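Okay, structure first, notes after.
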Amino acid sequence: MDERYDPQKIELKWQKKWEEMNIHATDTIKGRKFYCLEMFPYPSGNIHMGHVRNYAIGDVIARYKKMRGYDVLHPMGWDAFGLPAENAAIKHGVQPSEWTYKNIDAMKKQLTGLGLSYDWERELATCSPEYYRWNQWFFLQMFKRALAYRKSSSVNWCPSCSTVLANEQVIDEKCWRCDSIVELKELDQWFFRITDYAERLLIDCDTLTGWPESVLTMQRNWIGKSEGVEVDFPIRGSDRKLRIFTTRPDTLFGVTFMCLAPDHPMSRELAGGNEKLDEMKNAGENPEEKIIIFTGENAINPLNNDAVPIVVANFVLMEYGTGAIMSVPAHDQRDFDTAKKYGIPIKQVITSGANLSPVELEEAFEDEGILINSAQFSGLKSNDAKKKIAEYIEERGLGKRTVNYRLRDWGISRQRYWGTPIPIIYCKKCGIVPVPEEGLPVILPENVSLTGLGSSPLADADEFVNTSCPKCGGEAGRETDTMDTFVDSSWYFIRYCSAKNEDALDRDNISNWMPVDQYIGGIEHAVLHLLYSRFFTKVLHDIGIVNFDEPFTNLLTQGMVCKETYKCQEHGWLLPEEAEKGTCIKCNRKVEIGRVEKMSKSKKNVIDPNHLIETYGADTSRLFSLFAAPPEKDLEWSDKGVEGAFRFLNRLWSAAYRIKACIRSSGIDDSAIDKDSPLFRKTHRTIKKVTHDIERDFHFNTAIASMMELLNELTAFRPADENDYALMGFALRNLVLLIAPFSPHIAEEVWETMGNKPSIFRQPWPEWDDEYTKAMQIELVVQVNGKVRAKAMVPAGLPDEKLKEIALRDRKVGEFTGDKPVRKVIIVKGKLVNIVV
RNA sequence: GCCGGAGUGGCGGAAUUGGUAGACGCAAGGGACUUAAAAUCCCUCGGGGCGUUGCUCCGUACCGGUUCGAGUCCGGUCUCCGGCACCA
């Protein structure tokens, strides 16, 4: 051990040693298993601070659990398919596979440099045929069960990426990746019927007690279940009917018009040659504005035989419900606005109950209440009326109760090259024919010309496309779309359960390790990835591959890494190193300091982890990102804070350096330690506190704070004799064990220096004795009428009577109580006495 | 609009079951060491008041309540962040 703390030197040393010792190999399960998983990264070529935070959190948990005696699976891999590889190919003429694998190499080095305890033996890349063949296999299983199907549909089309986007990939009508305005395009697409699982995905949210409430809420909202009634309205002068969906059957008597979605099959027919229909589809300047077109036809309300006009309305969605609605302006704000604008009558059928006759409404009354003007249902409460009217409708065959979900089927087709080929063959004779399982994998061909123009690049790869029909042997062509990369990430956690050379779906391996005990990743995946993974797991369960139906028992969504932004009037956004002392290094102009935002390349408010590790080392980088905020909250970057973490490790180092000689000479004979000494008790308290903080939702920031306290006390400690050396050794030994999961390299080095055999990670987690967590002396707080008036140091463990006596005798207390009679004395054991006068 | 979450010093954040508000760190100020600086170490550090080194009053977004005692529980208001958003 050198006198000076040199992170580069020791970190490299231990990373090498760990590899030689193969210390991160997956345990065979002997006792309790623990599957710790962090969301795998896209191999962009460089890690960012978000990765550092995510993986530091995961590594603390994995290393801690190992020390606690769990058999741990802690794998890492690559979400390797996706657009950037293809864009790089178009821009630089390099093959996507080459580009991807080069990036994987680079990023693996960076992750290793962080000292993360992954078992690289189980590394996977989703772009390898050994991996994606199983995507294809899953597709075939889904196809067999009609869970994969093809339909022509209007899809989101990004003109810039020239590809289809899933609903979830469209944010504010813009592409999630490039922010282009999304257009609609009609294409044949493959879908997974996730809507078949909507109800199970919804109710099983209740079983996910280890998930953050916010994520569950987002999933529930995304699924968007609503219960209501479908009702048929006959069209006057015709024998046809118009079917609508409503959640408010209690307002049926208030219907004054009917709305069709512009793309409802009846719209064009009923509206005839009305040109306005086309205009309406291409949304006006203000998409919020409500526009309707009268078709001239009327519908008959089956409950009261009123004839009401049928209109086409721009605000009605074809994809939801039946694409047609009944409009009740008195009790729906949108209908109210529309009715006012077009002079349609407003008929009140619900009152608040205060007044049972209609009033002049200034806005829609959307609450539930008491029915009026509703024939035999008048006088009922909304809730009862909903039930009674629904029954009435079903009895007379006028409609039926229905449940609707906001969730749509998952469109998985992508007109892209760098993804899993969809294992389907189109035969002129036999139609759509799945590739037989023996034919897997359908290999993605190399050396396909990529231009970024048009759609599916595979369509031009004749050798790929041209094939024979598995059924009839005749001429046939392959599907040229590839799968959404969310398919890849929907089951990768299952692949890790088996070693590289084992069957990917080995049931024993899967049931040994799954479900994931702790999953850690960004909140941005709250719906997409996490919902799809749950869906896949349920399908696998139904197929009989797995015996559980939720993949992730506990979920930790870490907050974003944020930093203030710098902007120069002339040069725009500036990198932190371009804004020196508040001025732009290019033009010397004053830099505008912007708000704290998520680190992003576009705003240049980024810190390069590589640079950070070079300057301070991996241990400091990890420690800071764990100390600055609790994991689930956003973390604000602070250069000074990093230095603080670095200082702490330096102080730990020099404390170890200073006392290592004493420790060695005194041996480590704990029996000689004075059990009453404050440092001994502080050490026990710290072990307890750190353990509790980790167990209690991973409050690493407070765990680290208490380790800092222990170091402060150890540094201030002045030994008087040999026994005190043993005590210091005891404190240091435990401190190093506690910090090991957080800053593993320095812990190993100090551990070794203290004369122990590596590795510290083969040591059990330290234990505490509750008897020794108690201080010998306590500070008794004395309150008068709930206000602190005095404090006194008293020996721990005094009986209540004694505490009361001390409190009442206190001079200061006397000043406040005066000669007023004591009404009551409240004693909180070992802490506080409150005197009420 | 609906649904979630959060408001505590100059800053990041602590306070686990209702019991000393501000742990730990950062910044700032003062001191030691040094020719000097950096590094390091020590001290101070929520605000106001005074007879100024100890005492006192106020203080956890705002208003009210429960309680011997409220950052914590209850009712209401405001602000900020995130998600969804013509879903009938």
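Since the structure is predicted, the reported quantities are computational estimates derived from the model, not experimental observations.
Tyr405(A) has no side-chain polar atom (N or O) that falls below the 4.0 Å cut-off from OP1 or OP2 of rC87(B). Contact annotation: Asn712(A) reaches the phosphate of rG25(B) (side-chain N/O to OP1 or OP2, under 4.0 Å). At least one side-chain nitrogen or oxygen of Arg696(A) sits closer than 4.0 Å to the OP1 or OP2 atom of rA15(B). Phosphate proximity of rC24(B) to Asn701(A): absent, as no side-chain N or O sits under 4.0 Å from OP1 or OP2. Proximity of Arg685(A) to the phosphate of rA23(B): no side-chain N or O atom is located under 4.0 Å from OP1 or OP2. Applying the 4.0 Å criterion to OP1 and OP2 of rA88(B), one finds that Ser226(A) has a side-chain N or O inside that range. Of the side-chain N and O atoms in Lys791(A), none sit less than 4.0 angstrom from OP1 or OP2 of rU20(B).
Atom CG in Asn785(A) sits roughly 13 Å away from atom C1' in rU67(B) (whole-Å rounding). For the pair Arg651(A) CZ and rC42(B) C1', the computed distance is 13 Å after rounding to whole Å. Between Lys689(A) atom NZ and rA14(B) atom P there is a gap of 10 Å when expressed in whole angstrom units. Per the geometry, CG belonging to Leu528(A) stands 12 Å off P belonging to rG83(B), to the nearest Å. What separates CD1 of Ile523(A) from C1' of rC3(B) is a distance of 14 Å, to the nearest Å. Look at CG on Leu832(A): it is 15 Å from C1' on rA15(B), rounded to the nearest Å. In this structure, Lys824(A) places its NZ atom 5 Å from C1' of rC68(B), rounding to the nearest Å. One atom, CZ of Arg406(A), and another, P of rC2(B), lie 17 Å apart when rounded to the nearest Å.
Closest approach of Arg53(A) to Pro631(A), counting heavy atoms only: NH2-O, 3.3 Å. In plain terms, the two heavy atoms of Ala526(A) and Val215(A) that are nearest each other are O-CG1, 3.8 Å.
Between the P atoms of rU60(B) and rG65(B), the separation comes to 15 Å (whole Å). Distance check on atom P: rC2(B) versus rU8(B) gives 25 Å, rounded to whole Å. Here, rA70(B) and rC62(B) have their C1' atoms 16 Å apart, quoted to the whole Å. The C1' atoms of rG22(B) and rC11(B) are separated by 13 Å, rounded to the nearest whole Å. The same atom, P, is picked in rG71(B) and in rC81(B); the two are 27 Å apart, to the nearest Å. Rounded to whole Å, the separation between the P atoms of rU17(B) and rA28(B) comes to 37 Å. With both ends at atom C1', the span from rA23(B) to rC45(B) equals 15 Å, rounded to whole Å. Remark: the separation of the C1' atoms in rC63(B) and rG54(B) is 36 Å, to the nearest Å.
With distances taken from any side-chain atom of Ile325(A) to the nucleotides rA27(B), rU20(B), rA88(B), the minimum falls on rA88(B). Each of rG12(B), rC24(B), rC87(B) was ranked by its minimum atom distance to the side chain of Glu636(A); first place goes to rG12(B). Checked against rU20(B), rA27(B), rC68(B), the side chain of Val836(A) finds its nearest nucleotide in rC68(B). Nearest nucleotide to the Arg647(A) side chain, out of rC26(B), rA88(B), rG83(B): rC26(B). Side chain of Arg408(A), nearest nucleotide from rA88(B), rC87(B), rU40(B): rC87(B). Listed nucleotides: rA23(B), rG19(B), rG83(B). Nearest to the side chain of Asn221(A): rG83(B). Checking rA14(B), rA88(B), rG19(B) against the side-chain heavy atoms of Pro630(A) singles out rA14(B) as nearest. Of the candidate nucleotides rG4(B), rG19(B), rA15(B), rG19(B) has the atom lying nearest to any side-chain atom of Lys831(A). Closest to the Thr217(A) side chain, of the nucleotides rA88(B), rC3(B), rG25(B), is rC3(B). Side-chain proximity of Thr247(A) to rC84(B), rC68(B), rA88(B): nearest is rA88(B).
Under the Watson-Crick or G-U wobble criterion, with both distances below 3.5 Å, rA14(B) has no partner in any strand shown. When Watson-Crick and G-U wobble pairs are counted only if both distances are under 3.5 Å, rA32(B) pairs with rU40(B). Pair assignment for rG82(B): rC3(B), on the basis of Watson-Crick or G-U wobble contacts that are both within less than 3.5 Å. In this structure, rG49(B) forms a base pair with rC55(B), meeting either the Watson-Crick or the G-U wobble geometry with both donor-acceptor distances under 3.5 Å.
In this structure, Lys829(A) reaches neither bases nor backbone, as no heavy-atom distance under 4.0 Å exists between it and the strands shown. Residue-level contact check: Asp332(A) touches neither bases nor backbone, having no heavy atom under 4.0 Å from any strand. At a threshold of 4.0 angstrom between heavy atoms, the contacts of Gly644(A) are confined to the sugar-phosphate backbone, with no base atom among them. In this structure, Gln783(A) reaches the bases: a heavy-atom distance under 4.0 Å links it to at least one base atom across the strands shown. Within 4.0 Å (heavy atoms only), Val316(A) reaches at least one base atom of the nucleic acid. Within the nucleic acid shown, Val788(A) comes within 4.0 Å of sugar-phosphate atoms alone, with no base atom in reach, counting heavy atoms only. Using a 4.0 Å heavy-atom distance criterion, Ser214(A) is classed as a sugar-phosphate-only contact. Here Asn650(A) lies out of heavy-atom contact (under 4.0 Å) with every strand. Within the nucleic acid shown, Arg789(A) comes within 4.0 Å of sugar-phosphate atoms alone, with no base atom in reach, counting heavy atoms only. Looking at heavy-atom distances under 4.0 Å, Glu213(A) makes no contact with the nucleic acid at all.
Taking CE of Met1(A) as the reference point, atom OG of Ser654(A) lies at 8.5 Å (rounded to 0.5 Å).
Closest-nucleotide positions on RNA chain B for Met708(A) and Asn404(A) were compared, and the one nearer the 5' end corresponds to Met708(A). For the pair Met326(A) and Ala645(A), nearest-nucleotide mapping onto RNA chain B gives the more 5' position to Ala645(A).
No hydrogens or angles considered: nothing links the side chains of Asn734(A) and Thr683(A) as a donor-acceptor pair under 3.5 Å. Side-chain contact check for Thr620(A) and Tyr5(A): no donor-acceptor pair (N or O, by modelled atom type) lies under 3.5 Å. A donor-acceptor contact closer than 3.5 angstrom links the side chains of Asp693(A) and Thr702(A). Side chain to side chain, Gln8(A) and Tyr616(A) fail the donor-acceptor criterion of an N or O pair below 3.5 Å.
The closest donor-acceptor contact from the side chain of Asn605(A) to the backbone of Ser600(A) lies under 3.5 Å.
Because its glycosidic torsion is more than 90° from 0, rG69(B) is reported here as anti.
Contact annotation: the side chain of Val312(A) never approaches that of Ile292(A) to less than 4.5 Å [non-hydrogen atoms, C-beta and beyond].
With a 6.0 Å cutoff to the six-membered ring centre and a 45° limit on the axis angle, Lys290(A) counts as a cation-pi contact of Phe315(A).
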